[in-house]
S.K.: 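First the structure, which I've put down as structure tokens, then a few questions once you've had a look.
Naming convention: chains lettered A, B, ... in sequence-line order (proteins, then strands); numbering from 1 in each chain. No hydrogens, no waters, no symmetry mates; every other heavy atom, side chains included, goes into these values.
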Number of protein chains: 2
Amino acid sequence: MPDPTPDPHRDVRPTLEAVAARAGVSRATASRVVNGGAGVRQPLVDQVRKAVEELGYIPNHAARTLVTRRNGAVAVIIDEPEFRVFSDPFFSRQIRGISRELNAHDAQLVLLLVEGSGDFDRVTRYLAGGHVDGVLAFSLHTDDELPAIIRRFRVPTVYGGRPQHAARGQDDPELPYVDCDNRGGAREAVRHLVSLGRRCVAHIAGPRDQVSALDRIDGYRDVLPDAAEELVVDGDFTTEGGARAMTELLDARPDVDAVFVSNDLMASGALRVLRERGVRVPEDVAVVGFDDMASVAEATEPPLTTVRQDVEGMGRLMVRLLMERLNSGTGAWPDSVITPTELVRRASA
Amino acid sequence: MPDPTPDPHRDVRPTLEAVAARAGVSRATASRVVNGGAGVRQPLVDQVRKAVEELGYIPNHAARTLVTRRNGAVAVIIDEPEFRVFSDPFFSRQIRGISRELNAHDAQLVLLLVEGSGDFDRVTRYLAGGHVDGVLAFSLHTDDELPAIIRRFRVPTVYGGRPQHAARGQDDPELPYVDCDNRGGAREAVRHLVSLGRRCVAHIAGPRDQVSALDRIDGYRDVLPDAAEELVVDGDFTTEGGARAMTELLDARPDVDAVFVSNDLMASGALRVLRERGVRVPEDVAVVGFDDMASVAEATEPPLTTVRQDVEGMGRLMVRLLMERLNSGTGAWPDSVITPTELVRRASA
DNA sequence: CCGCTTGTTGGTCCCGTGTGTGACACGGTG
DNA sequence: CACCGTGTCACACACGGGACCAACAAGCGG
């Protein structure tokens, strides 16, 4: 049953003017109290606070934004036309980290999913409209238009994952990013396999248009510069793609005794194929994945040895860098950060 | 290399005033043109449009919101303290549908992740602050405070999934929801197992504080009202939980010859246990899941027969209902919608 | 006692748009 | 020729709140 005596104040939201009137001060003073209370005597501060409480005053966001030119919102742009994102817990975890850290900064998260070039107009209009103070972008593809748009409109941005231009060796200080040490993590994984005495270590790679996949290939080659071409097989970061790549690999090189797989999903597909073919893991073939996605790596048979990256922490870090940039009056850009990885040993290697 | 002769207009965003001046009309006329151009002669419309183009004018969102009291944004509130959300593609897919439909309506998506009671204050402030025109809420738990808050502030809302109070039989027209036919889908799954000649059909249920899990139990009981208590085993919607439940079930009732599992993740865990115990699927035990999450159901061994729900379509539908409500001057509430399910037959049953 | 400094406070303007209210021109009608 | 309805347009106000600036009081040193 609805409230029988509805409060008339409920529908008409009180304004700062009303608070000031009730507290018996001017609107300017009320405003000062609401924004921290600096330069106002304690008794008046208390009066205003009381009036705010009694009236249930909540500042009008639009009015405040209009004058401060700040709106306390950050856009998260994910450019991922493939279906993969939505079956990959990676983004969800990163967004969780981002959400938590944004909450700590009293900022809101506006989610922009980009699918196809047509959407870029929309994003452009949105950014140009000044709806958000900054952007957290996930630029996954090498042919991405996003960096150009962001540069053009000078929107403070932090990237998740090393953007392509940086991968070309042209680190742009105006496009800071947060990424895990893909190359170093890959090196550690391959070294681990080598240290187990494996002689023929293969690599199932991710899609070549993703920087993280390329970096992991580089890490593999750092340790095994002389590995045969055919030992590196392309995959697409999906379970099925991993299974196909493993099949291809076994057919081409029956002597393979270890595989470093570029992510956990593909590794789970690879494990399935190995099991179907009666190949023992890790006795005959040792397998190491990448990501340490709990729902996958702990559920495989056998449980997957893999390279952990702290996805949620990376999300939080992105927010911190962006806030640093927004709150530094100087407009100085923060440095990019590469977070460490850690080899998690389970049963598969 | 940055533009050598940076456009001075770039940093100072043009205002409607500037557009009007350039077009030689008053600001009021320029405003009318920008908002559709009704009641303005064609030649003037063209002049203003040209000025907008030349200046690269983009309306100031905050100023517009201040006067129209509409801000073209919708909050998506997900109250899920458990880690599960983030390893479950369910939400991602629904959000994808929501995002697409919001784009079609030129509205933005503000993501609010709620974790724990402390966060409700934040959400309350946010909703009361009038940051969004409406809310899409996923109320998963029976002890949810969200409906009360939303009712209190009279924010137009559409629920994803039948809220608890509706499950108690008190359908509140002011809290419309979109849900799939959990009970009907469960019935179809169980009937299918019965039609295969199975005599001892068990059910691995989801957590009892989630309405969808309860509805699926009801569907199971609709078909098998006399099933023994011990044939219904509790799970938690995770792969591991499914494995535990299956183990428990096999120990208690070795004669079981079919299982309807409340979601695909648990079904994949159950299949793993069956395989480990050397139980053949579907010969010895037939298995049906729920959700038809492609990444899971197609990847299990054997591929999973399951009940499909159109998650993305449900997301889109939620947005349509909300927009209907927002755009109807009458403030009338749309009706709740229950979308159909479909049994997808693969190899497991 | 006077002038100056420091600390508070209120008045006022401005942020950028939407919209109601008139004014004006035009053409048709009596 | 006077009157009036219709279509266009400009003016001005309002939306809610931040920030500058002048006014004022109190305190202090000379």
S.K.: Are A:E17 and A:R27 close enough for a salt bridge, meaning some N to O gap below 4.0 Å?
M.R.: yes
S.K.: Which one, C:dG10, C:dG18, C:dC15, comes nearest to the side chain of A:V67?
M.R.: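 Among the listed nucleotides, the one closest to the side chain of A:V67 is C:dC15.
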S.K.: Taking CG from A:L44 and C1' from C:dG10, how many angstroms apart are they, rounded to a whole number?
M.R.: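 To the nearest whole Å, that distance equals 12 Å.
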S.K.: How would you label the contact of B:R69 with the nucleic acid (heavy atoms, under 4.0 Å): base, sugar-phosphate, or nothing?
M.R.: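 Contact class for B:R69: sugar-phosphate only.
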S.K.: Evaluate the criterion side-chain hydrogen bond (donor to acceptor under 3.5 Å, both in side chains) for residue pair B:R64 and B:N35; output intermediate values, then yes/no.
M.R.: CA-CA 11 Å; B:R64 184 175 268 180; B:N35 295 315; 3.1 Å; yes
S.K.: Apply side-chain contact (heavy atoms from CB on, under 4.5 Å) to B:V135 and B:L322, showing your working.
M.R.: CA-CA 8 Å; B:V135 168; B:L322 184 61; over 6 Å; no
S.K.: Under a criterion of less than 4.0 angstrom to any heavy atom of chain B, what are the 5'-terminal and 3'-terminal contacting nucleotides of DNA chain D?
M.R.: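 Endpoints of the contacted stretch of DNA chain D: D:dT8 to D:dG16.
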S.K.: Within this structure, what is the CG-to-C1' distance between A:L66 and C:dG16, rounded to whole angstrom?
M.R.: 6 Å
S.K.: NA contact type, B:L16, heavy-atom cut-off 4.0 Å: base, sugar-phosphate, or nothing?
M.R.: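 Answer is sugar-phosphate: B:L16 comes under 4.0 Å of backbone atoms only.
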S.K.: Base, sugar-phosphate alone, or nothing: which one does B:V40 contact when heavy atoms must sit under 4.0 Å apart?
M.R.: sugar-phosphate
S.K.: If the threshold is 4.0 Å, N to carboxylate O, is there a salt bridge linking A:D46 and A:R41?
M.R.: no
S.K.: Is any NZ, NE, NH1 or NH2 atom of the basic residue among B:D106 and A:R125 found under 4.0 Å from an Asp or Glu carboxylate oxygen of the other?
M.R.: yes
S.K.: Do B:K50 and B:E54 meet the salt-bridge criterion of a basic N to acidic O distance under 4.0 Å?
M.R.: yes
S.K.: How many whole angstroms separate atom CZ of B:R32 from atom P of C:dG16?
M.R.: 21 Å
S.K.: How close or far is atom C1' of C:dC15 from atom NE2 of A:H61, stated in whole angstroms?
M.R.: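 Taking atom C1' of C:dC15 as the reference, NE2 of A:H61 is at 15 Å.
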S.K.: Give one of base, sugar-phosphate or nothing for B:S31, where a contact means two heavy atoms less than 4.0 Å apart.
M.R.: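 If one applies the 4.0 Å heavy-atom cut-off, B:S31 turns out to touch a base.
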